[in-house]
Amino acid sequence: MAEDRYDFEEIEKRWQKYWSDAGLFKTHEIPGAEKYYLLEMFPYPSGKLHMGHVRNYSIGDVAARYLKMKGLNVLHPMGWDSFGLPAENAAIAKGVHPNLWTHNNMAEMREQFKRLGISYDWDREVATCDPAYYKWMQWIFIQFFKNGLAYKKKNPVNWCPSCETVLANEQVESGVCDRCGSVVGKKELSQWYLKITDYAERLLSDLDRLEGWPAKVKLMQKNWIGKSTGAEVDFGIEGSDKTLRVFTTRPDTLFGVTYMVLAPEHPFVKELTAGGAYEEPVRQFLEKLQYLSDIDRTAVTLEKEGLFIGRSAINPLNGAKVPVYIANYVLPDYGTGAIMAVPAHDQRDFDFAVKYGLDIIPVIDPPADARIDVNNLKEAFIAEGRMINSGGFNGLSNREAIEQITAYIEEKGIGAASVNYRLRDWLISRQRYWGTPIPMIRCDACGWVPEKEENLPVLLPTDVAFTGKGESPLTTSKTFRETTCPLCGGKAERETDTMDTFLDSSWYFLRLCDAHNEKEAFSKEKTAYWMAVDRYIGGVEHAILHLLYARFFTKFLCDIGSCPVDEPFTNLLTQGMVLKDGKKMSKSVGNVVSPEEIVNKYGADTARLFILFASPPEKELEWSDAGVEGSYRFLNRVFRLVSELAETLKSAPDDYTSVTEADRALDFAMNRAIKKVSDDIGGRFGFNTAISSIMEAVNALYKYKELPQTNAGLLKAALTDLILILSPFTPHICEEMWRLTGHGASLYGEKWPDYSEAALARDRTEIVVQVNGKVKEKFEVESGLGKEELIAAARADARVQRLIAGREVLKLVAVPGKLLNIVVKQ
RNA sequence: GCCGGAGUGGCGAAAUUGGCAGACGCACAGGACUUAAAAUCCUGCGGUUCGUGAGAAUCAUACCGGUUCGAACCCGGUCUCCGGCACCA
């Protein structure tokens, strides 16, 4: 490295040690102080930080350091989402125990965090794989169980054949495993579920309260929860005393029902066909369906296939008899698993009716005088209209009919208004080792019984075999499996599945408030002080999964009186991806830039500065090696400036008065930068524009210092402010420059500079003169002129007179402080 | 298919409330310094036309139209790209 470059290696190391030795980042509850809880999503300890991490944590660190300087009591903790499959895969592949592998990775990554200079309070570090943490995870699970929100159910579940485990609906992305990309199949298994559906309505309606969340994320959650309002209606079945209940969002179309469809898995199907001629064809239909993966089963492109099952249903409104089918397009686990089909007004039903030659009866005509022509119908009519063929409801608008028919079926006792959600209960069992053991015990006499709370944690056994095949590795540990029933003391068996790691991450922000509590998951006092998280920062890929689960946990813990708030995150920032050559950095594409390499070559400050400058936080960031060079050049430029002036500053006065025009210009530039940086960090997180305004200030300083006559007091103030406002972005070099300019030991937590309104006030203001909206001239006027004065000043200006000479002025639009638009006849 | 979001120089971007389009940076070009290079410093840098020149005119924020004194920004339509959901009755 050339000697005219600043020695980032030595400087960064020294300051990191200083911060650590001085314990500057330790945080405590300070009664009365304004608190700010700033959190970045904790990482999975894969072993190395990638550029996305660097971006995430740099963004957070700027805010943390800034808010600290603004005098807030800032909580900025970090931890590890340290249970998960990669550790176990490493165990299978290399024979390393997942615990060792994980702890080695955490140690390595903790060093990388420190080398980036992120201001974390490491005393609060938590790891979800730590028994001291998962003890309380198990405690929370037991609270769910005790409140009837955790249950075990046998169900066809999503099964990833490659990960050899079940997956939650949220972890299946269009039919494939979101971890490994394998096509997800179905398997009939008895699994633990959390009843998140009980919270569907609150998770939905409380989104309105989250004003500090991006609209996009709220919309994604809203769509995921998928609320539908409608009615449930009972249809009779001919020759049976059973009633078939269906859910519909369109009770107005009840008179248009021409057939019924059950999901093939619907329990009625076997009963209704048993012993008859349809039993065998139905069995074959079901068998064929079993071989379909989820992706094929639910694809829109899948040809609709159905089978008449030999029975008729009776429409409770008009007594019409309609055939009953089973079909692949009806889902067993939504609504009642059965539908009434109205081909005239539902496209799916229409397609099916056309294929199987079923009747189509329109019950809604388009508004105005148009009529539906059933014989020439090309597609279902799904718009609004006027009721026909619907007995006493004819003539109503279909909207009115929805209400009146719903009221009618309620009155007759054949149905009721109803709400359905797309959201399903959360399947949380995993057939893997490296996760929190589900603290439940199966007793033949007592059923499922939770482990006694005083016996927690239920520790992960160490005598297991990692085969990666079939069942949970915990089943191979006899000492783990065999136990006694906490209720009756009889012989019993432990649950051998572990929890989905998304549970671990659904409450860590609470534990971080009180990381070492041995008596409870977190204390009320500490969470009351720190919660909610004032700003949460992470990738948009967690918009649904993690952020929905965390909201669910918080609401539940609030309901049982453990947590003081029912929404965890007041403000959310979803940062954009880091791209290289237009694509997401990934090993498979081979476009990964390693943070380590960049930090070694340019230092952490340069890496941070580039990442923060190249793009606004929420947008994608295109990696540019040349851009990194540019950021490095800028830091050297600042360092040279400060080094050159350092001696002068030591003898400079603390006060100054701007005398010359140049003095005032510099004073103006500095104060504008302070205002801009304060507004940008404190407000909309416009870090890129904050940095550009600092660059402008540096350019102004370079110009100023070359002048024959400079003001030492002004220079001192300017450089002091410059170092302070740059410090949240590039803390190491700023600490060093702070020292070089003769200030105190560390600038961490130093008061953030205020800008001076007086310095920003200008005597004269430039006014743009437009003719018919096009800029023609500029002229200066005294600041603070009103509309009339501005127009008068303009009329007096020779250039303006020239512009309007010989033209008919129709109108003058004056915007004080900005412009004057002269509208002339064309 | 449905629901969102975005489209601005060679590139990353800025324009915060409808008011100077392109700040800041990258790349590039020219100059200074140097035996030379690197580094550094200075200058230029959307297109077209005109002018020897300072400069002037004109077009330009995906495309077409509208509202407005004035539109990158608001409205309607089209195209492209990105994201989410994807037979949810």
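Every heavy atom of this structure was used, including side-chain atoms; hydrogens, water molecules and symmetry mates were not. We name chains A, B, ... by the order of the sequence lines, and we start the count at 1 in each one.
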Sugar-phosphate only, base, or nothing, as touched by A:Phe613 at under 4.0 Å among non-hydrogen atoms: base

Separation of the C1' atoms in B:rA13 and B:rG22, to the nearest angstrom: 9 Å

Nucleotide nearest A:Leu219 when distance is taken to its side chain, options B:rA89, B:rG4, B:rC42: B:rG4

Atom pair distance, as rounded to whole Å: NE2 in A:His266 and C1' in B:rA89: 13 Å

Separation of atom CD in A:Gln770 from atom C1' in B:rA71, rounded to whole Å: 12 Å

Which nucleotide in B:rC26, B:rC85, B:rA89 has an atom nearest any side-chain atom of A:Ala626: B:rC26

Distance between P atoms of B:rA39 and B:rG30 (Å, rounded): 15 Å

Six-ring centre of A:Tyr329, A:Lys304 cation under 6.0 angstrom, axis tolerance 45°: yes

Touch class at under 4.0 angstrom, heavy-atom based, for A:Leu819 against every strand present: base

A:Phe350 CZ to B:rG1 P, straight-line distance once rounded to whole Å: 18 Å

Sugar-phosphate, base or nothing in reach of A:Asp680, heavy atoms under 4.0 Å: base

For atom OH of A:Tyr334 and atom P of B:rA86, their distance in whole Å: 13 Å

Phosphate OP1/OP2 of B:rA39 contacted by A:Arg640 side-chain N/O (<4.0 Å): no

Shortest side-chain distance from A:Val813, nucleotide among B:rC69, B:rC87, B:rA13: B:rC69

Contact check, side chains of A:Met51 and A:Leu621, non-hydrogen atoms, under 4.5 Å: no

Touch class at under 4.0 angstrom, heavy-atom based, for A:Val823 against every strand present: sugar-phosphate

hbond_proxy A:Gln347 side chain to B:rG1 base (donor-acceptor, 3.5 Å cutoff): no

Distance test, side-chain N/O of A:Asn699 to OP1/OP2 of B:rG25, below 4.0 Å: yes

Non-hydrogen side-chain atoms of A:Thr606 and A:Lys601 separated by less than 4.5 Å: no

P gap between B:rA6 and B:rA86, integer Å: 24 Å

Modelled atom types, side-chain donor and acceptor of A:Asp425 and A:Thr197, under 3.5 Å: yes

Glycosidic conformation of B:rG9, taking syn as within 90° of 0 and anti otherwise: syn

Nearest listed nucleotide, side chain of A:Val330, among B:rU40, B:rA86, B:rA89: B:rA89

Residue A:Arg684, side-chain atoms from C-beta onward, closest of B:rC20, B:rA89, B:rA15: B:rA15

Closest non-hydrogen atom pair, A:Leu635 against A:Tyr6: CD1-OH, 3.8 Å

Nearest-angstrom distance, C1' atom, B:rG44 to B:rG55: 16 Å

Distance, rounded to the nearest Å, where A:Glu541 contributes CD and B:rC85 contributes C1': 17 Å

A:Ile767 CD1 to B:rC69 P, straight-line distance once rounded to whole Å: 21 Å

Below 4.0 Å: OP1/OP2 of B:rC26 and any side-chain N or O of A:Arg633: yes

A:Arg5 side-chain N/O to B:rA38 phosphate OP1/OP2 under 4.0 Å: no

Separation between the C1' atoms of B:rC75 and B:rU67, rounded to whole Å: 7 Å

Sugar-phosphate only, base, or nothing, as touched by A:Asp349 at under 4.0 Å among non-hydrogen atoms: nothing

Each stem that RNA chain B is part of, given as range with range (3 or more consecutive Watson-Crick or G-U pairs, under 3.5 Å): B:1-7 with B:79-85, B:10-12 with B:24-26, B:28-32 with B:40-44, B:46-50 with B:55-59, B:62-66 with B:74-78

Separation of the P atoms in B:rG9 and B:rG4, to the nearest angstrom: 27 Å

Any A:Ile598 side-chain heavy atom under 4.5 Å of A:Tyr632 side chain: no

Spacing of the P atoms in B:rC64 and B:rA72 (rounded, Å): 14 Å

N-O pairing of A:Arg250 and A:Asp252 below 4.0 Å: yes

Minimum heavy-atom distance between A:Ser58 and A:Arg608, given as atom pair plus value: OG-CG, 3.7 Å

Nucleotide B:rC20, atom C1' - distance to NZ of A:Lys774 in whole Å: 14 Å

A:Tyr421: partners by ring-ring contact (aromatic ring centres under 6.0 Å, His included), with sequence neighbours left out: none

Any residue of residues 689-697 of chain A with a heavy atom less than 4.0 Å from an atom of RNA chain B: A:Thr689, A:Ser692, A:Met695, A:Glu696

Residues forming a salt bridge (Lys or Arg N to Asp or Glu O under 4.0 Å) with A:Glu757, sequence neighbours excluded: none

Flag side-chain contact, heavy atom, 4.5 Å: A:Thr258 against A:Ile360: no

Residue whose nearest RNA chain B nucleotide is more 5′ - A:Asn821 or A:Ile339: A:Asn821

Exceeds 12 heavy-atom contacts within 6.0 angstrom, atom NZ of A:Lys703: no

Under 3.5 Å donor-acceptor pair, A:Lys818 side-chain atoms to B:rC20 base atoms: no

B:rG4 OP1/OP2 closer than 4.0 Å to side-chain N/O of A:Lys216: no

Phosphate-side-chain proximity, A:Arg637 and B:rA39, N/O vs OP1/OP2 below 4.0 Å: no

Sugar-phosphate, base or nothing in reach of A:Gly630, heavy atoms under 4.0 Å: sugar-phosphate

Proximal nucleotide (of B:rC87, B:rA21, B:rA13) relative to the A:Asn328 side chain: B:rC87

Touch class at under 4.0 angstrom, heavy-atom based, for A:Lys776 against every strand present: sugar-phosphate

Pairing residues for A:Trp213 by the ring-ring contact (aromatic ring centres under 6.0 Å, His included) criterion, not counting sequence neighbours: none

Position toward the 5' end of RNA chain B (nearest nucleotide), A:Lys227 or A:Lys703: A:Lys703

Sugar-phosphate only, base, or nothing, as touched by A:Val768 at under 4.0 Å among non-hydrogen atoms: base

Would you give me the side-chain donor-acceptor pairs under 3.5 Å for residues 683-690 of chain A, sequence neighbours excluded?
unit_1   : atom_1 : unit_2   : atom_2 : d
A:Arg684 : NH2    : A:Thr689 : OG1    : 3.2
A:Thr689 : OG1    : A:Asp680 : OD2    : 2.8
A:Thr689 : OG1    : A:Gly686 : O      : 2.9

Pairwise C1' distance, B:rG70 and B:rA21 [rounded to whole Å]: 14 Å

Options B:rG12, B:rA89, B:rG84, nucleotide nearest the side-chain atoms of A:Met220: B:rG84

Between C1' of B:rA15 and CG of A:Asn688, the distance in whole Å: 12 Å

